[in-house]
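Note sheet for the following structure.
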Amino acid sequence: MKVINSSDTIDIPEQVTVEIKSRKVRVKGPRGTLTKDLSHINLDICVSKDKKSITVERWNGGRRDLAVIRTVCSHFKNMFTGVLKGYQTKMKFVYAHFPVNANITPDNKVIEIRNFLGEKIVRRVECQPGVTVERSDPQKAKDEIILTSNDIEALGITAAQIHQSCLVKNKDIRKFLDGVYVSEKLVMGQDE
């Protein structure tokens with residue numbers, strides 16, 4: 001059954017400015033700028049005249065069309081959190097016998113993983129734009145890396161690429177648990 005009109009409103013936090021032009025969104029905040037192209041989604045997205053809220057609206061939508069409204073609002077909230085606080089993901093190297101070595105380039109954009117399961121091959125993963133990778137403090141946690149970004153999607157993609165570069169092939173994965181796993185996801189600026 002079609003619903004004639006459905007809409008949702010999100011408040012824009014202070015210190016954040018939003019520009020929307022033909023469903024291309026730019027969010028600016030203290031930590032930087034994020035852009036997202038929503039032109040493939042058939043919605044009306046507009047900023048209020050006082051620049052304090054965003055309205056996402058759908059006319060004559062079915063059940064699946066109306067679900068997209070909440071999805072777009074969640075994208076906006078993630079972007080606001082990203083430009084205000086930022087996101088962080090911690091990943092741990094897990095190994096039983098062969099210690100995994102990781103080298104990070106000086107610009108913190110590329111990680112090279114060596115000696116995974118004793119293999120000679122070097123696994124090289126380039127971070128998505130806006131994501132930085134660094135080694136955590138060795139006194140707090142051994143064999144851990146920290147990924148940092150304002151964009152939660154780019155952060156998740158980079159973490160997945162690092163995890164998938166170290167998958168165990170042709171062995172029983174119940175026994176060979178070696179790999180690089182996400183251990184913690186958090187919003188920066190909040191108490192842990």
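For the single chain, residues carry numbers from 1 onward in sequence order.
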Open item on the list: Looking at every heavy atom in both Q15 and P30, which two are closest together, and how far apart are they?
Closed with: O-CD, 3.7 Å

Task: Check: N78 side chain, I152 main-chain N or O, donor-acceptor pair, under 3.5 Å - done: no

Open item on the list: Run the side-chain contact (heavy atoms from CB on, under 4.5 Å) test against D178 and tell me which residues pass, sequence neighbours left out.
Closed with: Y95, A96, F116, L117

Task: Atom of S22, atom of S39 and distance for their closest heavy-atom approach - done: O-CB, 4.2 Å

Task: Basic-acidic side-chain contact under 4.0 Å: K21, E19 - done: no

Open item on the list: Could you check whether any side-chain N or O of R58 sits under 3.5 Å from a backbone N or O of N42, counting only pairs where one atom can act as donor and the other as acceptor?
Closed with: yes

Task: Over all atoms of both residues, closest heavy-atom pair of F93 and I111 - done: CZ-CD1, 4.4 Å

Task: Nearest heavy atoms of M188 and K85, plus distance in Å - done: O-CB, 3.2 Å

Task: Backbone N/O of V83 and side chain of N150: donor-acceptor pair under 3.5 Å - done: no

Open item on the list: Looking at every heavy atom in both F98 and N115, which two are closest together, and how far apart are they?
Closed with: CB-O, 3.8 Å

Open item on the list: My understanding is that only one of V180, V182, T89 makes a side chain to side chain contact (heavy atoms under 4.5 Å, CB included) with I162; could you say which?
Closed with: V180

Open item on the list: Between E119 and R123, does any NZ, NE, NH1 or NH2 come within less than 4.0 Å of an OD or OE carboxylate oxygen?
Closed with: yes

Task: Residues that Q161 engages under side-chain contact (heavy atoms from CB on, under 4.5 Å), provided they are two or more places apart - done: V125, Q128, I157

- [ ] Look at the side chain of R23 and the backbone N and O of I41, then say whether any donor-acceptor pair between them is shorter than 3.5 Å.
- [x] yes

Open item on the list: Run S136 and K90 through side-chain contact (heavy atoms from CB on, under 4.5 Å) and show every step you take.
Closed with: CA-CA 9 Å; S136 67; K90 295 181 180 178; over 6 Å; no

- [ ] Apply the test side-chain hydrogen bond (donor to acceptor under 3.5 Å, both in side chains) to residues D151 and S149: give CA-CA distance (whole Å), side-chain angles for both, the deciding distance (0.1 Å), then the verdict.
- [x] CA-CA 5 Å; D151 189 358; S149 178; 5.9 Å; no

TODO: Could you tell me which residues satisfy side chain to side chain donor-acceptor pair (under 3.5 Å) with D137, sequence neighbours excluded, listed by chain and number?
DONE: none

Open item on the list: Tell me whether S48 contacts the main-chain N or O of S53 through its side chain, where contact means a donor paired with an acceptor under 3.5 Å.
Closed with: yes

Open item on the list: If I compare all heavy atoms of A141 with all of E144, which pair ends up nearest, and what's the gap?
Closed with: CB-OE1, 3.4 Å

Task: Test side-chain contact (heavy atoms from CB on, under 4.5 Å) applied to K51 and T17, step by step - done: CA-CA 8 Å; K51 305 279 188 194; T17 58; over 6 Å; no

